[in-house]
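Heads up, the thing below is written out as structure tokens.
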Amino acid sequence: MNKRFILTAEGVTKSFDGFKAINDLNFYLDEGELRTIIGPNGAGKSTFLDLITGRTRPDEGQIEFKGTPVIKKTEYQIYRMGIGRKFQTPSVYSDHTVYENILLGLKGSRGVFGAIFGRVTPAQNDQIHHVLEIINLKDKAQVRAGTLAHGQKQWLEIGMLIAQDPELMLVDEPAAGMTDEETARTGELLLSLAGKHTIIVIEHDMTFVRQLANRVTVLHQGSILREGSLDEVQNDERVIEVYLGKKKHDAIHPQH
Amino acid sequence: MHRLKLFCLAAMLPTLLLHAETDPDAAVRQSIARAVTGSAAEQDSVLQQIAASEVVTKTEHDLLASWNNGEIYLYDDPSGKSIPIVLEQSDADKTRAFRVDTGELLQDSNGAPVMIDPTTATAADINAALRKKIQRTLDLLSLADPSPDVRRGTAFKLGTSQKPENLPILEARLKTERDTGVKNILLQATALIELADSAHPDRQIAAANQLGKMNSIGGLDSVAGLADSKSAAPEVKQAAEKAAQSIRSYLAIVNFFGTIFRGFSLGSILLVSALGLAITFGLMGVINMAHGEMIAVGAYTTYVVENVFRDGLPLSPLGISIQLPGLHLSGWLFQTYFIFAIPLSFLTAALAGLALERLVIRFLYRRVLESLLATWGVSLIMQQLFRLVFGANNVQVNSPSWLLGNFTISDVILGYNRIFVIVFAILIVVGTWLLLTKTPLGLFIRAVIQDRDMAACMGVPTQKVNMLTFAFGSGLAGLAGAFLSQIGNVGPSLGQSYIIDSFMTVVVGGVGSIAGTVVSAVGIGCSDQVLQQVLGSPVLGKITVLAGIILFLQWKPGGFFPTRSRSLDS
Amino acid sequence: MHKSFRQAEIWGIAIAAIAILGVLPALNAFVPESSPLHVSDFTINLYGKYLCYAVLAISVDLLWGYTGLLSLGQCMFFALGGYAFGMHLMLLIGKLGQYHSDLPDFMVFLGYPKLPLHWEPFRSFWFAVAAVVFVPGLVALVFGFLAFRSRIRGVYFSILTQALTYAACLMFFRNDFTFGGNNGLTDFKFILGYDIRSAVTQRCLFIATGVLLILTYLFCRWLTLTRFGKIQRAVRDSENRVLFSGYAAANFKLFVFVVSAIIAGLAGALYVPQVGIINPSEMAPDKSLEAVVWVAVGGRGTLIGPVVGAIAVNALKSWATRAYPDLWLIILGGMFVIVVLFLPKGIVGLPMQLWSLFKRSTTLWKKVQEQHAGTTELPIKESSTRQGG
């Protein structure tokens, strides 16, 4: 096993009722890398993230984070190992305020009694305000998260991720539902986080992917079709066929 | 009974007498009449003659039985002759009588019937020795009875009496008996008698071995008694002990299959009631706590139909009295009521379900907990309505006679009503499966189960599908109620005793899965019955099943056949 | 909920405390019976019962309203607490029972040769008090551990808790379970050396219940203000998200479940000496559902709602079961349907609901006036219907 990979997935297979969502997938990620995963709908992108974060378990294969297997662990154990995730559809606590959302995501004690007797320290308070500043929601701190606009919810969830400060960030379609300007800002944000954190981004928006300008992995039918820079990938015959040839298919079977 | 039969026979006799020479009973009658008044020797010869005869007539049997019971009286006619007679009614002040020797009505010289006072009439003399002889003759006759059931019963009775004097007649019969079932009992009976023969330990051992080999459940008490007796020889005790063990293990198997059978029938009822619950829950994400009351609706419908077929039913809901008219049917016409009650139970429960869906549940789709609470409110209301309409006490539904009997396979008793329930449950499962897979409604239902929004977009009339499915599910509960009315009493809280079990069935089976519901219903039904048997108490059995279910869900939280969902909050 | 209301809340609690702990007992003790202000012993006893129910209702709400766990077996914990304390009271009867034996009457009747071993320690008051806390707590801990570990959620949890209380109810109905079978424990004579039926004792029990209620309220309020309270509500709204925020949701649920079981047990322990009997029908599945009705009627997700609901519904019950005995169940059932369908926030939320209805209709009216004729766009209803779990 090569030490320098932060995340490895080897021979991973997962099927749902006979449909192979992930098929003998091998995936390696360097520490500090910003990787983008693209692929048509149903390629298994979100399922892959589900497998890493413990939402589902693979039928076969091994996934290791910094040399430790994750597949038998629960969601919160994996989280505590240092893997954070932003979901495809924004999932924030809509009845809580923006401030409280960040507070719940904040790195620190996760125990029951710590939650009862612990106080928010001034340092934590500063940190929360710092995050709120980054995600541009400072003046909405006391607003119920459920009332935010879609793009703001996306940012709030990214903010929760930043507050968590995980080693590995999994970001599922961060730009969905954002304006062009917001998308560009999100790209900048992710670029600024790269290096300190290792990041996997799943995205459809090619402008956004181009902005990130990093290594791209193309998933197709549950396994890797091509890996390389965006230009290499875009000129690959098989990738073009998958994207163009399968267009009709996608229209019939949207993922959600 | 005998009395009545005799009377019927006697009433026919005057016509028969026209052909006195051809009447086969004439000779018998006369000889019995002679014996009643005759000497002991005469009586012996008559009884022997009867016992030896190949063909036994009913008259013979009935007259002997009357004699044995002291129901033959003597009438002194004016000429001083004693005439044996039987009375038409034994409990009347004055009654007519029939002559034993001719079967004719007893008449005085003017041809008018002689009226006898039963309390003052003199019974024919009969002593213990004679009674014993008559009884033996009767037993002999019963052993030769054309009906195997009678032969079996007599053989069993003679065997358990363990009286050595019965041995010869049993052995004699054994030689001529052809029916294997009766032969079996005869063998057991002879063995039982020999088992008591303490003078011959070798015979006792052979008998014990025989009983053990035949797995004679009826002989268990005697064998076990012998094994424990202090006086018996050690070898005998050993053989008896071995036989007892063998019979006990056989009995355990019989009990086990009997338990499994009851388990299947309980499982079938759970299945029918849980099937509706599984479909509505799987389809609409609605928990219907009033499902139990739908069962009660079905049961009460059966009750009403039964009473309408009979003499009608007075009801007084909220102080208004209503008299349901009755059809005053009897006989086989009345027995058909259940055939009408089944579809009607389905329909009324389905209508009640439809109303519930339109009035309450359609506002609560996908709000599982709220639907649970609101339907519990509905269930309270319905229970109280049952109380107001049908009274707070349980009512009894009389089963049609064709559901009352039972038959036996290797000592396992199978009741017709339970078999009926099992067969019907199978039919319902098959029907439901066909409905879901082969009809347009089924296609819609499956589409809505998979993805409600998508189905709506593709033009599936989800509202209508909901309505019909809910009605169908409630109708199934109504059917379960119709069956339950055949097994126990019907009361306002009938549904409450089944609702928790039904929910457990759905949870264990996996929501929305028919196969899962079938497996879990039969599984819960059987384990409930088996545990009841093992723990010796229904309550402990029930508690153990509940505990078992909680532990089972540790192992398979989604039930046997879990349904998957891809959304984060499902 | 809102921080600006906290001042008002403190005043409210203070007023309630004065009324329950001071005014009502004083009106009972010191005002002559002839006075219209006099509160009778019967009323004090009745209100004491209501206060026990209010504590029980808070425990239901702590689970349902705040954590999204609809427990349909809360009355089992209530009854367990009641039984634990009832056993102590039973042993205080001494030889004054019908059979003049050291054993409780039902044991003499059922032919017990001597006191079962597990009854022995209940001679001690403090042991009984410990049992009131630990028995419901331990049962909740074991059941909750198993249930939450296998991620039994939502309606499955509800059904299982219902099955649990049903099983317990069947068990306590058995004579050989050593807790008096279907007659339960009754005919208590003394508590802490005082005559349990005297007006003074009952008044003290009433005050004790009031103290329990206020303490429970304050404890739960404090809990909701901590980070724990925020996580609790997060579990209610999106349990899966909580897992992906690194919290072991099962532990949080287990903690709330155990705490609410203990609260229910304490309420049950104070209920028994005031009512004078505890029997298995207290844990029948219906009772727990009734407690849920109180919370729903009062308004779940608030702490004042359950108290209002428990008192209001039970006061209505006391009246209706006497005035219309045949119709009470229909009223109760109907109330439930109506509250669930039309008043999701209960009585406490009614003013807000009316206010938003009023606002909506005025904006609608304005729009209609602005547009005069033609099609009017209805304001899109905010889809705030949360999934119950």
Side-chain angles (χ1 to χ4, degrees), chain B residues 281 285-287 289-290 318-319 359-360 363-385 387-388 493 496 499-501 503-504 506-507 511 537-540 542-547 549-559 567-570, chain C residues 64 68-70 72 143 146-147 149-160 162-168 170-171 173-174 176-177 237-241 244 284-286 289-290 292-293 296 326-342 344 385-389:
Chain B
F281 188 20
V286 162
I287 283 276
M289 289 293 273
L318 299 167
L359 293 175
V360 178
F363 303 108
L364 297 171
Y365 287 127
R366 296 283 149 215
R367 291 161 65 193
V368 184
L369 292 181
E370 273 97 335
S371 72
L372 188 158
L373 298 176
T375 49
W376 182 68
V378 173
S379 118
L380 279 186
I381 296 174
M382 287 178 75
Q383 280 177 52
Q384 191 59 24
L385 287 178
R387 265 182 216 114
L388 292 177
S493 51
Q496 290 299 300
I499 187 74
I500 292 182
D501 286 346
F503 273 129
M504 287 294 134
V506 176
V507 170
V511 174
S537 141
V539 174
L540 279 182
K542 209 165 198 77
I543 293 168
T544 319
V545 169
L546 289 174
I549 289 170
I550 292 172
L551 291 177
F552 170 81
L553 292 174
Q554 297 297 304
W555 171 50
K556 278 187 183 292
S567 54
L568 181 63
D569 282 301
S570 53
Chain C
W64 182 33
L69 294 167
L70 177 56
L72 297 183
F143 177 82
L146 291 175
R149 193 185 73 108
S150 56
R151 302 207 174 163
I152 290 168
R153 301 181 176 174
V155 70
Y156 296 95
F157 179 76
S158 306
I159 291 171
L160 274 185
Q162 182 170 46
L164 180 71
T165 190
Y166 181 53
L170 290 178
M171 208 136 77
F173 263 120
R174 289 170 61 83
D176 51 8
F177 199 56
D237 296 343
S238 175
E239 184 173 343
N240 286 322
R241 188 67 185 86
F244 287 106
D286 275 7
L289 273 158
E290 234 181 287
V292 174
V293 185
D326 277 351
L327 297 181
W328 162 241
L329 280 179
I330 294 181
I331 296 172
L332 180 69
M335 197 155 60
F336 219 5
V337 176
I338 288 166
V339 166
V340 169
L341 286 183
F342 304 112
T385 44
R386 194 188 311 119
Q387 203 181 331

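Values in this document were obtained by computation on a predicted structure and should not be read as measured data.
Nearest approach of Ala167(C) to Leu546(B), heavy atoms of both residues: CB-CD1, 3.4 Å. Nearest heavy atom pair, residue Leu372(B) against residue Ser158(C), reads CD1-CB, 4.2 Å. Between Trp64(C) and Val292(C), the shortest heavy-atom contact is CZ3-CG1, 3.8 Å. Between Arg174(C) and Asp176(C), the shortest heavy-atom distance links the atoms NH2-OD2, 2.9 Å.
Both the backbone and the side chain of Leu170(C) come within contact range of chain B, each with at least one heavy atom under 4.5 Å from a heavy atom of that chain. Contact annotation for Ile500(B): only side-chain heavy atoms (C-beta onward) come within less than 4.5 Å of a heavy atom of chain C. Interface remark: Leu72(C) contributes side-chain atoms only to the contact with chain B (heavy atom separation under 4.5 Å). At a 4.5 Å heavy-atom cutoff, the contact between Ala147(C) and chain B is made by backbone atoms alone. Proximity to chain C is absent for every atom of Met382(B), based on heavy atoms less than 4.5 angstrom apart.
Chosen from Ile549(B), Leu359(B), Ile287(B), Ile381(B), the residue pairing most often with chain C at heavy-atom distances under 4.5 Å is Ile381(B). Contact count versus chain B (heavy atoms, under 4.5 Å) is highest, among Leu164(C), Asp286(C), Val339(C), for Asp286(C). Chosen from Val378(B), Val545(B), Thr375(B), Leu540(B), the residue pairing most often with chain C at heavy-atom distances under 4.5 Å is Leu540(B).
Aromatic ring orientation, Phe143(C) versus Phe157(C): tilted (interplanar angle from 30° to 60°).
Side chains of Leu329(C) and Gln383(B) form no contact here, defined as non-hydrogen atoms less than 4.5 Å apart.
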